[in-house]
A.B. asks: 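Got a structure here, written out as structure tokens. Questions coming.
For the single chain, residues carry numbers from 1 onward in sequence order.
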Amino acid sequence: MRRLFPLLRPYRWLAVFAAFLALVQSFTELYLPTLTASIVDRGVVFGDTAYILRMGAVMLAVATASLLAAFVGARCASLVAVGFARDLRSRLFAHITRFSLHEFDKVGTATLITRTTNDVAQVQQMVFMSLRLMIRAPLMALGGIVLAVAQDAKLSLIFVAAIPLLAAAIAVITRKGMPLFRSVQERIDRLNLVTREALTGVRVVRAFNRTEYEEHRFNEANEALTETSVRVNRLMAAMDPVMATTMNLTIVAILWLGAVRVDLGELQVGSMMAFIQYAMHIMFSLMMISMILVMIPRASVSAARIADVLSIAPEIKDPEVPVEPEVDRGVVEFENVTFYYPGAEAPALSNVSFRANPGEVTAIIGSIGSGKSTLVGLLLRFYDVTSGSIRVDGVDVRHMSQQALRERIAYVPQKALLFSGTVRENLRYGRPGASDAELRQAAESAQAAEFVERLEGGYDAFIAQGGANLSGGQKQRLTIARALVRRPRIYIFDDNFSALDFKTDAKVRQALRRETADATVIIVAQRVATIMDAHQIIVLDAGKVVGIGTHQELLRSCQVYREIVASQLSEEVIA
């Protein structure tokens, strides 16, 4: 929890004020039983009406002050807790967005979601409780004991038996509950993972008729969470009867022994009433302490899980002094690039070298697993090369800021991804200031204008999360249009033409020649027909470059390329 304290700094004075009001509320509540004893023992016994009215007015003023302190203090504590949680979520989300793909894979998306939502909520509740109950409860308990002893020291010996019993019960329950709280959070992670996989992969689940299997997986995760939660709640629920029984027995003992002392004239009736109220304060304070001790383990686990994420240093960092290219042409150079995925024994890419120039189309082709998408990820700096260098306009991408690098690139991913919102918002994702005319031109070039205009609302039509209300080809065309709107120096098309039919593919590529005439275009493709007219084709095999040249040159010089072409085109077309 201490590692998260710096985020409370902007709210420190509001927190101090909330803590001060909690002290005021505690002192006023502790003062009220003394006023009660005074009114009964002096005003009621001696029939002093004026004294009763005077002290009654003081009690009313003290009670009003306690009420105002409680109301304003709770509001201030809420503002601190909510503001802290908001800043913590923002800090956590911003930190996560800087993770490389390796960190996402290592931590897991499901647990990151849990830590950003559920764990932050637990810490938020702990902050609120700290500013209210954690300050008031010990003070009320200690003050109640001191004032009870002041009323009658002998009668206070009852607490010598009651308080250690409660403290022992709280300690045992808390110690057993701590590991269970961590288990609860881990089981929430698992439930989120299973739910997320089942929902995002619903088409695959149904296609393979595995609905019952997924329901079984969900039920297993759900039952595990339920079982652990029941164990925790059952353990914590045991605290209530222990507290209630001890408190009631304490009150019975006070009434019994107090009545004896009143009968002997050793204790006034008002003092006994005040003593009972102090006993109630002490018992309720101990109950509040038990509530705090129930929350502390869970909040501590959540805070540790959040701090663990914040302590992960992203592998991909901007240099301390970023270097900007002197020119902005979009020249891409790979020089002896070798890359190993973390933990891999063999390289995904080995000694890859080539140059992609503006005004030219550079195509990358190869079998599945040959390293095509890895090459693109390195250019975008999703990963850093193991050895060698990648340069854009003469500057190593590791010496540029990530923002400056990616501002030069428009990327169309292999898996079309759209965000919930309108068509217009999605097309403007890479360039928020684009005009409507530019959006329409990009949509026409991507062969998307026709179906967009048929949608209800046209460019203001709503797109569901992930583009679920569009077909695969429609989503792919919109992602191409989104890239064209950006107007960068470098375009990367990562095998995104496979969702298009041959006719649409040809139209899109013809329009792209016009739209990207002055830019560097890198196309990753599986289909030979898509890249036959590229200025240079790079053939990858097992992470190595086995051929570079035009289509005709590679047919003569590269056996791997000939095999790829032969598997897709007839001999007449090849000839």
Side-chain angles (χ1 to χ4, degrees), residues 22-49 51-67 69-70 132-133 135-170 239-293:
L23 293 176
V24 171
Q25 183 183 357
S26 300
F27 284 126
T28 53
E29 289 181 1
L30 287 171
Y31 186 48
L32 286 173
T34 302
L35 292 175
T36 302
S38 176
I39 291 173
V40 172
D41 292 340
R42 179 175 172 179
V44 176
V45 173
F46 294 102
D48 190 345
T49 306
Y51 183 81
I52 293 174
L53 292 176
R54 188 168 63 255
M55 296 308 294
V58 174
M59 281 191 70
L60 182 61
V62 172
T64 302
S66 178
L67 178 65
R132 299 295 298 159
L133 298 186
I135 293 174
R136 291 188 60 234
L139 183 62
M140 292 288 288
L142 183 60
I145 291 172
V146 171
L147 293 173
V149 171
Q151 292 293 335
D152 193 312
K154 291 183 179 179
L155 197 58
S156 300
L157 293 174
I158 294 172
F159 299 128
V160 174
I163 292 177
L165 179 63
L166 285 176
I170 291 171
M239 198 174 291
D240 288 339
V242 171
M243 297 290 294
T245 302
T246 306
M247 184 173 65
N248 290 331
L249 290 175
T250 303
I251 298 301
V252 169
I254 291 171
L255 289 172
W256 180 27
L257 298 176
V260 173
R261 293 183 63 75
V262 169
D263 187 52
L264 295 174
E266 297 176 352
L267 184 67
Q268 298 293 322
V269 174
S271 296
M272 191 179 77
M273 293 175 60
F275 195 93
I276 292 173
Q277 290 185 56
Y278 287 132
M280 296 290 288
H281 281 318
I282 295 168
M283 294 297 123
F284 277 118
S285 296
L286 290 175
M287 288 186 69
M288 287 191 289
I289 290 173
S290 72
M291 291 173 58
I292 294 170
L293 292 177

A.B. asks: Mind checking the CD1-OG1 spacing from Ile39 to Thr34? Nearest 0.5 Å is all I need.
C.D. replies: 11.0 Å
A.B. asks: Of the non-hydrogen atoms in Ile282 and Gly144, which two are nearest, and what is the gap between them?
C.D. replies: CD1-C, 3.5 Å
A.B. asks: Quick check against the 3.5 Å criterion: does Tyr278 have a side-chain atom that pairs as donor or acceptor with the backbone of Leu30?
C.D. replies: yes
A.B. asks: Taking ring pair (Phe, Tyr, Trp, His ring centres under 6.0 Å) as the definition, give me every residue that meets it alongside Phe275, ordered by chain and number, with sequence neighbours left out.
C.D. replies: Phe159
A.B. asks: Distance-only criterion, 3.5 Å: show the donor-acceptor pairs between side-chain atoms of residues 55-67 and protein atoms not counting sequence neighbours.
C.D. replies:
from  : atom 1 : to    : atom 2 : distance (Å)
Thr64 : OG1    : Leu60 : O      : 2.8
Ser66 : OG     : Thr28 : OG1    : 3.4

A.B. asks: If every non-hydrogen atom of Ala274 is compared with every non-hydrogen atom of Pro33, which pair is closest and at what distance?
C.D. replies: CB-O, 3.4 Å
A.B. asks: Among Thr250, Thr36, Ile254, exactly one meets side chain to side chain contact (heavy atoms under 4.5 Å, CB included) together with Ile276. Which residue is that?
C.D. replies: Ile254
A.B. asks: Identify, with sequence neighbours excluded, every residue that meets side-chain hydrogen bond (donor to acceptor under 3.5 Å, both in side chains) alongside Arg136.
C.D. replies: Glu29
A.B. asks: Kindly compute the distance separating CG (Leu32) from NE2 (His281), expressed to the nearest 0.5 Å.
C.D. replies: 7.0 Å
A.B. asks: Would you name the heavy atoms of Ala141 and Ser285 that are closest together and state the gap between them?
C.D. replies: N-OG, 3.4 Å
